[in-house]
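The block underneath contains the structure these notes are about, expressed in structure tokens.
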Amino acid sequence: MRVPLEWLKEFVAITLKPAALAERLTLAGLEVTAIEGAGEAAIFEIEITPNRPDWLSIIGVAREVAAITRQRLKVPAVVPPHVRTRAAEASRAATVSITLDDKAGCPYYLGRVFTGVRVSPSPAWMQHRLAACDLRPINNVVDITNYVLLETGQPLHAFDLATLQGAMIRVRRAAAKEQVTTLEGHTHALSADMLVIADRQRPVAIAGVIGGHASAVTDGTQAVLLESAFFEPRTVRRTARALGITTDSSYRFERGIDPEGVARASQRAGTLLIELAFAQESALVEAGQRPSTRLVISLSAARVQRRLGVAVGEPTLRTSLVRLGCRVASRAATGLLQVTPPSFRRDLLHEVDLIEEIARVRGYDQLPATLPSVTLAAPQAPEAGHTQAQAARRGCCALGLSEIQTWSLLGAEALRRCRIDPQRCARLQNPLSQDHAYLRPSLLPGALTVVRRNLAQGVTGLKLFEVGRVFQGAPGDALREILVVGLVLCGEWSRDWQARLPADFFRLKGLVEALSRGSRSAPRRWQPASLAWSASGESATLIAGPQAVGEAGQVAPDLLTAWEIETPVWFAQITLDAEAAMPQTASAVLPPITMPPVKRDLSFLLDTHIPFARLESVIREAAGPLATRIELIDRYTGKQVPPGQASLTFTLEYRDPARTLTGGEADAAHQHLRETLVRELGATLR
Amino acid sequence: MNPLEELAQLLAQAVALIGEAASPERLEPLRVKFLGRKSRLSEIMSGLPALPVELRAVTGKQANQFKASVEAALAQRRQVLGVAPAKPALDVTLPGTAVPQGRLHPITRTIEAILGVFQPMGFEVIEGPEAEFAYYNFDALNIPPDHPSRESFDTFFIDTPSPQPAKGPLLLRSHTSPVQVRVMEQRPPPLRIVVPGKVYRPDALDPSHSFMFHQVEGLMVDDRTTFADLKGVLEQCLKALFGAHTRTRFRPHFFPFTEPSAEVDIACAACQGAGCPTCGRKGWLEIMGCGMVHPHVLKAVRYNPAKVQGFAFGMGVERIAMLQYGVKDIRLFFENDLRFLSQF
């Protein structure tokens with residue numbers, strides 16, 4: 001809200017320089033975000049929190065300035081109504097009947113009728129102040145309603161009385177298919193929960209939100225109905241939001257106006273109409289009752305201390321609250337202060353609200369800062385999610401991967417380019433843009449976005465990871481939120497003047513295995529898979545126990561083409577929740593065997609269709625418990641080897657934990673192994 | 001002369017000459033003189049077959065010893081004179097072998113720095129779901145439907161039927177505060193928790209706004225924690241994050257879930273509170289929101305507000321990272337350009 005200093009000074013004496021006043025206001029909770037202009041011409045831009053609608057006016061701000069600088073508030077004298085004298089002279093036509101059909105939506109409505117109005121531009125001083133507050137001057141009648149709104153915070157509306165059919169006002173809910181064309185010329189269809197101001201036949205305004213075009217004051221207007229009313233905040237809010245209209249009026253009604261300010265603002269505007277538009281007041285019609293605001297709150301000095309951590313004496317409590325407009329009585333029997341907040345402080349409902357006011361008036365900076373004394377509680381097991389996420393981050397970092405953080409919200413196009421059907425993804429009802437409308441079901445689209453960006457910038461050799469949530473469940477299905485880690489390799493793993501190590505599937509697999517090594521989860525199986533995002537024969541599903549916990553592979557080259565990525569990319573995504581769910585009991589460890597080993601090498605040719613996992617289990621079983629180390633040291637396919645076969649070389653160490661093994665014993669075990677390979681797998685020994 | 005005696009004399013002579021050689025260049029002629037093809041040694045060796053049998057073996061042995069001794073003397077002298085050994089030395093100034101170096105994202109680093117302030121004070125780290133019920137995001141936090149206080153919490157709703165309709169529709173949490181409620185529902189006081197995580201708001205991307213960002217929420221409730229304690233704890237936090245001399249300022253604000261509520265500013269490091277372009281001439285930088293937990297929130301989790309009290313706070317991680325590292329555009333955090341990330 002914009003507050004011109006010179007206008008403020010009409011209501012309170014100010015000796016502080018603008019910057020100093022701005023600081024005082026900010027520390028009182030009216031955050032001055034900017035000061036425009038200097039000296040007397042200064043205009044404060046103030047951010048007002050939704051709990052303080054009483055600050056949404058010049059007088060409201062002046063009231064706070066008076067309270068914090070200990071000045072007196074000078075409220076303008078309101079000329080008493082001329083109703084009785086003038087009404088007698090007025091013609092019968094120059095009056096209006098007001099009916100409140102919906103007292104919940106509008107408990108109180110005050111209508112004043114003015115005749116003999118001469119519509120013309122408003123005086124320069126008024127136009128100047130309106131412009132300073134970013135309001136466009138229109139004509140003297142409309143300007144007066146806006147001016148009084150800014151001054152008092154009470155929204156007003158002026159109707160051209162001649163346009164109101166039946167000279168009547170009915171405040172009611174809209175009927176089916178009714179519509180209103182607003183002052184701005186937009187036609188809105190209304191719904192039955194919207195409150196309207198209607199004449200005998202049709203809505204002429206949307207209550208508390210905006211006036212209708214047909215009933216607006218124009219240059220030819222002679223008689224005016226001035227509306228000052230109390231509209232229920234939620235009704236106004238719902239209507240304004242449903243129609244997508246926010247006005248100075250709806251903004252204030254939504255937050256709650258001062259019920260006792262309704263009549264005052266009406267009088268103030270009436271005075272100005274008489275003064276500036278040569279109007280005569282011909283009728284005042286009151287409908288409904290002002291909502292009662294009388295609320296008495298008990299305040300205990302002990303509870304103030306308990307909450308703020310500092311003792312505040314009763315006299316200080318009393319003067320602080322009185323300065324804010326509260327009435328304070330004390331009840332000797334209970335020792336409690338009985339506080340009646342002013343009608344404009346509809347936010348003061350409970351004792352804690354008063355305690356905040358005590359702290360605010362004292363100044364938060366004047367309150368002590370202490371460190372709490374605590375009661376220890378039994379330690380809780382660390383939360384799985386955070387622990388898992390941090391362990392994965394640290395693990396990936398230690399393995400040489402750099403962390404990225406990508407959008408959780410993706411567009412349909414990015415999903416399709418990763419061969420993910422957007423129909424199978426949870427989506428937002430109200431996305432900000434179509435590029436960020438779906439909850440990511442995978443880290444892959446984000447990863448490829450990052451790869452593309454870095455390659456385009458000439459950054460190569462990408463070794464990345466992300467830890468975050470992905471979301472599974474098409475619209476209509478249950479939504480699952482899953483913590484995962486994603487690994488991305490693109491280009492060389494490392495490159496220097498001695499060697500270039502390419503990224504490939506086994507590099508990726510090595511990283512995944514290293515990452516899960518510390519996690520004591522069930523052994524993982526790598527099962528060939530055909531994944532949508534990977535070329536066939538280039539990817540695997542990771543199985544832990546009964547369930548799939550991840551996938552890994554090379555991203556299909558034609559998929560990358562859609563991303564304009566020309567360098568091969570390897571990607572893996574592993575679920576972290578599954579690991580967290582597994583029991584984390586420590587298992588017993590054994591001391592290392594100190595008996596000397598007998599080493600034997602083993603070379604053979606094997607059909608490449610036999611998976612290594614099968615070979616390994618045959619070797620392990622055949623070599624028996626004496627084989628303490630079994631290591632593949634070479635695998636070769638090519639010219640020296642028949643097609644469809646691979647030459648494999650293992651080195652094995654045989655040891656007995658209890659005694660020195662003889663060469664003969666090792667040879668026996670090794671010979672058994674060699675024979676088994678030939679018999680079970682058809683290996684050709686070399 | 002007996003070849004044995006001659007070799008002994010020659011050795012003495014060679015050792016003396018080698019010992020006197022003033023530079024490495026002088027050593028090579030000496031090597032040629034004593035060990036070369038035209039040297040006396042060479043003559044003795046070629047004369048061996050002519051020697052009497054009894055002298056032959058011992059002279060051969062002596063000749064070999066002579067050769068070894070002269071070579072040793074040469075080598076020693078070479079070393080003394082600082083001549084490079086036969087194997088060329090390493091150029092130790094060549095680059096070391098490339099070792100891939102992983103880095104944490106600046107947001108993770110900042111979250112860790114914040115948690116690192118609170119964990120030693122006994123705050124547990126807890127994360128909650130990002131897809132949240134409206135009940136936890138709003139209602140239980142004293143943000144009623146159709147209330148203007150919801151305005152600051154504009155929210156993305158998820159187009160999936162709520163699995164628990166009583167808790168309202170599913171949305172992407174607009175702050176980390178719902179986790180307070182979830183934890184208090186499950187556990188009795190005393191509680192000290194910090195909650196890091198992603199939050200979402202429909203703000204268009206620009207240098208200072210993002211529809212996805214991170215917060216760290218804190219909650220401390222027991223039977224005695226006061227507003228003064230809140231000030232003390234947060235002052236410590238900001239000193240730890242921004243330096244021991246950081247000045248802080250608490251100013252009244254409004255949050256539906258706290259009362260009293262405050263926003264916390266730190267004095268702008270660039271101008272020390274005087275006002276400069278960095279802080280938009282305000283002298284202070286807004287850093288977080290906080291307050292005493294509102295009795296309505298305590299009631300919503302069935303705590304007794306007459307007996308339980310405490311504070312809550314929430315801070316934007318990106319904002320803190322931007323201030324700490326002088327980053328001017330929030331979008332840099334999510335572009336993931338490695339030239340940016342590798343600086344942290």
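Lettering of chains follows the sequences in order, A, B, ..., and the numbering in each one begins at 1.
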Between atom [atom1] of [X] and atom [atom2] of [Y], what is the distance when rounded to the nearest 0.5 Å?
{"X": "N454(A)", "Y": "L341(B)", "atom1": "CG", "atom2": "CG", "answer": "7.5 Å"}
{"X": "T375(A)", "Y": "L191(B)", "atom1": "OG1", "atom2": "CG", "answer": "11.5 Å"}
{"X": "S408(A)", "Y": "L172(B)", "atom1": "OG", "atom2": "CG", "answer": "7.5 Å"}
{"X": "S261(B)", "Y": "Y364(A)", "atom1": "OG", "atom2": "OH", "answer": "6.5 Å"}
{"X": "K463(A)", "Y": "R103(B)", "atom1": "NZ", "atom2": "CZ", "answer": "11.5 Å"}
{"X": "D347(A)", "Y": "F254(B)", "atom1": "CG", "atom2": "CZ", "answer": "8.5 Å"}

(message) Less than 3.5 Å apart, any donor N or O on the side chain of H350(A) or E259(B) sitting next to an acceptor on the other?
(response) no
(message) Tell me every residue that passes salt bridge (charged side-chain N to carboxylate O under 4.0 Å, His left out) with R187(B), counting only those two or more places apart in sequence or in another chain.
(response)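 Testing R187(B) for salt bridge (charged side-chain N to carboxylate O under 4.0 Å, His left out), a comparison that skips the adjacent residues, returns E124(B).
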(message) Please evaluate residues E31(A) and E286(B) with respect to the criterion side-chain contact (heavy atoms from CB on, under 4.5 Å), reporting the C-alpha separation (whole Å), side-chain torsions for both, the decisive distance (0.1 Å), and the verdict.
(response) CA-CA 11 Å; E31(A) 191 187 353; E286(B) 182 190 320; 4.2 Å; yes
(message) If you count heavy-atom pairs within less than 4.5 Å of chain A, which of D222(B), L338(B), V233(B) leads?
(response)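 The residue among D222(B), L338(B), V233(B) with the greatest pair count is L338(B).
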Would you indicate whether the side-chain heavy atoms of [Y] and [X] approach each other to under 4.5 Å?
{"X": "P190(B)", "Y": "V374(A)", "result": "no"}
{"X": "L115(B)", "Y": "H386(A)", "result": "yes"}
{"X": "N336(B)", "Y": "E466(A)", "result": "no"}
{"X": "L371(A)", "Y": "D229(B)", "result": "no"}
{"X": "L376(A)", "Y": "R192(B)", "result": "yes"}
{"X": "F156(B)", "Y": "L409(A)", "result": "yes"}
{"X": "R249(B)", "Y": "T26(A)", "result": "yes"}
{"X": "R360(A)", "Y": "P260(B)", "result": "no"}

Which portion of [X] sits near chain B, non-hydrogen atoms under 4.5 angstrom:
{"X": "E23(A)", "value": "side chain"}
{"X": "L30(A)", "value": "neither"}
{"X": "Q498(A)", "value": "side chain"}
{"X": "S373(A)", "value": "both"}
{"X": "V310(A)", "value": "neither"}
{"X": "R303(A)", "value": "neither"}
{"X": "W497(A)", "value": "side chain"}

(request) Answer yes or no: does atom CD of Q101(B) have more than 12 heavy-atom neighbours from other residues, nucleotides or ligands under 6.0 Å? (result)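 Not more than 12 within 6.0 Å, no.
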(message) Quick one: does any side-chain atom of E383(A) pair with a main-chain N or O of E127(B) as donor and acceptor, under 3.5 Å?
(response) yes
(message) Keeping E403(A) on the side-chain end and H105(B) on the backbone end, is there a donor-acceptor pair under 3.5 Å?
(response) yes
Answer with side chain, backbone, both or neither: which region of [X] has an atom nearer than 4.5 Å to a non-hydrogen atom of chain A?
{"X": "P189(B)", "value": "neither"}
{"X": "P129(B)", "value": "both"}
{"X": "D265(B)", "value": "neither"}
{"X": "I111(B)", "value": "neither"}
{"X": "V264(B)", "value": "neither"}
{"X": "E235(B)", "value": "side chain"}
{"X": "P188(B)", "value": "neither"}
{"X": "F255(B)", "value": "neither"}

(message) Only pairs of heavy atoms separated by less than 4.5 Å count here; which of P372(A), G309(A), G29(A) has the most with chain B?
(response) P372(A)
(message) Whether R393(A) and E112(B) form a salt bridge (side-chain N of Lys/Arg under 4.0 Å from carboxylate O of Asp/Glu) is what I want to check.
(response)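 Salt bridge flag = no for R393(A) with E112(B).
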Taking all non-hydrogen atoms of both residues, which atom of [X] and which atom of [Y] are closest, and how far apart?
{"X": "A369(A)", "Y": "K231(B)", "value": "CB-CB, 3.8 Å"}
{"X": "S494(A)", "Y": "P100(B)", "value": "CB-CG, 4.3 Å"}
{"X": "V308(B)", "Y": "R306(A)", "value": "N-NH2, 4.4 Å"}
{"X": "D496(A)", "Y": "A98(B)", "value": "OD2-N, 2.7 Å"}
{"X": "D477(A)", "Y": "T160(B)", "value": "O-CG2, 3.2 Å"}
{"X": "A28(A)", "Y": "P252(B)", "value": "C-CG, 3.7 Å"}

Could you list the donor-acceptor pairs under 3.5 angstrom formed by side chains in residues 425-432 of chain A, with sequence neighbours left out?
from: R427(A); atom 1: NE; to: D159(B); atom 2: OD2; distance (Å): 3.2
from: R427(A); atom 1: NH2; to: D159(B); atom 2: OD2; distance (Å): 3.3
from: N430(A); atom 1: OD1; to: F157(B); atom 2: N; distance (Å): 2.8
from: N430(A); atom 1: ND2; to: T155(B); atom 2: O; distance (Å): 2.8

(message) Is there a side-chain contact (heavy atoms from CB on, under 4.5 Å) between E335(B) and Q457(A)? Walk through the geometry before answering.
(response) CA-CA 12 Å; E335(B) 277 172 0; Q457(A) 297 295 322; over 6 Å; no
